[in-house]
Amino acid sequence: MKPEQSSFTPAIEPITIPLKGDTRINILRLDRFHPVVSGNKWFKLRYYLEEALQSGKKGLVTFGGAYSNHIVAAAFAAKENGLLSYGIIRGEEPRTLSPTLLEAEGYGMKFLFVSREQYQLKTQQPLFAEFPAADWTLIPEGGYGEAGIQGAATILDAVSNLEQFSHIAAAVGTGTMLAGLARRSLPLQQLVGISALKGEDHLTEEVMVHGRINSDRLRIFFDYHFGGYAKHPSSLLDFMNGFYQQTSVPTDIVYTSKLCYGILDLAGKGYFPKGSNILLIHSGGLQGNRSLLKGELIF
């Protein structure tokens, strides 16, 4: 995808599952935006790409794990724009690359595998001695950063009648997308995040600051991780299959399945006021399902 390709008409599909309190859910199908730079990835990458091209950089350097949607998207976007790409990958180099890394490699990305301890220090300059800023655009993990937030904000630009929605719901990893959505949301809209990460809340304050939103308009839930990042017990896979049978909407094991489960559970518990109309952002990432055994999902 080229950074100037910013206009598209997203599909917004209603979910017909009956919900308590006349709550309605509509899904913004960003997973249909592009077959490789799926979902929110292009939006978070667009301004990093623009900077690299305008500055005459050699390429992109970014970070992720062996099943990172962001790694694949960055590799493809770099190739499409005539740029080189490097992925700094968390963990020791495996004997066999994951399907995700094989795909990124096919788009020309080269890898630098680092220990998990080194990866925790990824923002420190010594790791990047071979990637001088004059030649390379550094993209934080998941597109995190001001450029990524600005790009994520443009997700809502193509949503007509945005004012009809009382809530905007999204999965949360780094918080980049949710912060961008917060910036472009309307003053009376509530933002609901479902975290894919297990642990204490280190995100809410960050999203508030970067999203320029007050605490009374933001709530991130940390109860729907199903054991932790990318964990996918049989109960989650059963939900994904059941959700697809009911809605024909495929979800991924890392983010969107947990988002959909969480929002439906909250609606069932009466969390949303009567008559709420929720815009749920499908952020793509379906390639992550390729780590599953054949037949575990029906889609």
Side-chain angles (χ1 to χ4, degrees), residues 6-34 38-44 149-173 175-196 203-204 207-208 210-214 216-221 224 243-244 246-252 255-286:
S6 58
S7 61
F8 79 109
T9 303
I12 299 179
E13 301 176 356
I15 292 300
T16 56
I17 299 172
L19 298 170
K20 183 180 290 188
D22 196 29
T23 296
R24 291 168 289 159
I25 298 177
N26 292 271
I27 297 186
L28 181 67
R29 295 293 303 275
L30 296 186
D31 57 309
R32 292 178 171 173
F33 177 56
H34 189 273
S38 174
N40 62 0
K41 306 301 178 291
W42 177 80
F43 296 91
K44 293 195 291 183
I149 293 170
Q150 288 181 14
T154 65
I155 288 171
L156 295 181
D157 285 353
V159 178
S160 60
N161 301 318
L162 182 61
E163 67 278 0
Q164 70 180 295
F165 299 106
S166 58
H167 297 73
I168 298 172
V172 182
T176 305
M177 179 174 66
L178 192 61
L181 295 172
R183 285 193 188 181
R184 201 58 58 94
S185 64
L186 301 176
L188 296 179
Q189 289 172 330
Q190 300 290 311
L191 277 293
V192 180
I194 302 296
S195 176
L203 285 170
T204 299
V207 172
M208 283 173 52
H210 294 298
R212 302 167 187 166
I213 189 172
N214 295 326
D216 59 348
R217 291 186 53 216
L218 173 69
R219 178 74 186 274
I220 301 177
F221 290 88
Y224 299 106
F243 187 75
Y244 182 77
Q246 290 179 290
T247 66
S248 298
V249 176
T251 54
D252 78 289
Y255 291 110
T256 54
S257 59
K258 297 172 183 181
L259 167 67
C260 293
Y261 182 94
I263 294 301
L264 289 176
D265 187 64
L266 290 170
K269 293 176 178 176
Y271 172 80
F272 298 102
K274 183 177 176 61
S276 293
N277 190 8
I278 303 164
L279 179 64
L280 188 151
I281 311 297
H282 193 311
S283 53
L286 297 176

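FYI, the numbering just counts along the sequence from 1.
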Peer 1: Any side-chain heavy atom of Arg217 within less than 4.5 Å of one from Ser185?
Peer 2: yes
Peer 1: Of all the heavy-atom pairs spanning Leu186 and Gln189, show the shortest one and how long it is.
Peer 2: N-OE1, 2.8 Å
Peer 1: Can you measure from CZ (Arg183) to CG (Leu181) and round to the nearest 0.5 angstrom?
Peer 2: 11.5 Å
Peer 1: What pairs with Lys269 under side-chain contact (heavy atoms from CB on, under 4.5 Å), at least two apart in sequence or on another chain?
Peer 2: Tyr224, Asp265
Peer 1: Looking at every non-hydrogen atom in both residues, tell me the closest pair between Ser276 and His167 and how far apart they are.
Peer 2: OG-CE1, 3.4 Å
Peer 1: With sequence neighbours excluded, tell me which residues meet side-chain contact (heavy atoms from CB on, under 4.5 Å) with Ala169.
Peer 2: Val192, Leu259, Ile263, Ile278
Peer 1: Sequence neighbours left out, what passes side-chain contact (heavy atoms from CB on, under 4.5 Å) with Gln246? Give chain and number order.
Peer 2: Ile17
Peer 1: Rounded to the nearest 0.5 Å, what separation is found between the CG atom of Asp22 and the CZ atom of Phe272?
Peer 2: 14.0 Å
Peer 1: Do you know the tightest heavy-atom contact between Met177 and Ser283?
Peer 2: CE-CB, 4.0 Å
Peer 1: Quick check for you: to the nearest 0.5 Å, what is the distance between Ile220 atom CD1 and Leu191 atom CG?
Peer 2: 9.0 Å
Peer 1: Let me confirm one number: the CZ-CD1 distance from Arg24 to Ile15, rounded to the nearest 0.5 Å.
Peer 2: 13.5 Å
Peer 1: What's the separation between atom CD1 in Ile281 and atom CD1 in Ile12, rounded to the nearest 0.5 Å?
Peer 2: 8.0 Å
Peer 1: Applying side chain to side chain contact (heavy atoms under 4.5 Å, CB included) to Val249 and Phe243, what does each step give before you reach the verdict?
Peer 2: CA-CA 7 Å; Val249 176; Phe243 187 75; 3.9 Å; yes
Peer 1: Look at the rings of Phe33 and Trp42 and say which category their plane angle falls in: under 30° parallel, 30 to 60° tilted, over 60° perpendicular.
Peer 2: tilted
Peer 1: Suppose we screen for side-chain contact (heavy atoms from CB on, under 4.5 Å). Which residues come up paired with Pro14, at least two apart in sequence or across chains?
Peer 2: Asn26
Peer 1: Minimum heavy-atom separation for Gly173 and Leu203, please, with both atom names.
Peer 2: O-CD1, 3.7 Å
Peer 1: Do Glu13 and Arg32 have side chains that get closer than 4.5 Å, going by heavy atoms?
Peer 2: yes
Peer 1: To check you understand the geometry: which heavy-atom pair defines the closest contact between Leu19 and Ala267, and what is its length?
Peer 2: CD2-CB, 4.1 Å
Peer 1: Any pair with a residue in residues 153-165 that passes salt bridge (Lys or Arg N to Asp or Glu O under 4.0 Å), sequence neighbours left out, goes on the list, sorted by first then second residue, please.
Peer 2: Asp157-Arg184
Peer 1: Output all residues satisfying ring pair (Phe, Tyr, Trp, His ring centres under 6.0 Å) with Phe165, sequence neighbours left out; order by chain, then residue number.
Peer 2: none
Peer 1: Which pair of heavy atoms, one from Thr256 and one from Gly284, lies closest together, and at what distance?
Peer 2: CG2-O, 4.0 Å
Peer 1: Spell out, as yes or no, whether a donor-acceptor pair under 3.5 Å connects the side chain of Ser257 to the backbone of Asp252.
Peer 2: yes
Peer 1: Checking His282 side chain against Pro250 main chain: does a donor-acceptor pair fall under 3.5 Å?
Peer 2: yes
Peer 1: Of Leu280, Ile168, Leu279, which meets side chain to side chain contact (heavy atoms under 4.5 Å, CB included) against Leu28?
Peer 2: Leu279
Peer 1: For Lys44 and Gly151, indicate whether the former's side chain and the latter's backbone hold a donor-acceptor pair under 3.5 Å.
Peer 2: no
Peer 1: Taking the side chain as every heavy atom from C-beta outward, state whether Asn40 and Thr176 have any atom pair closer than 4.5 Å.
Peer 2: no
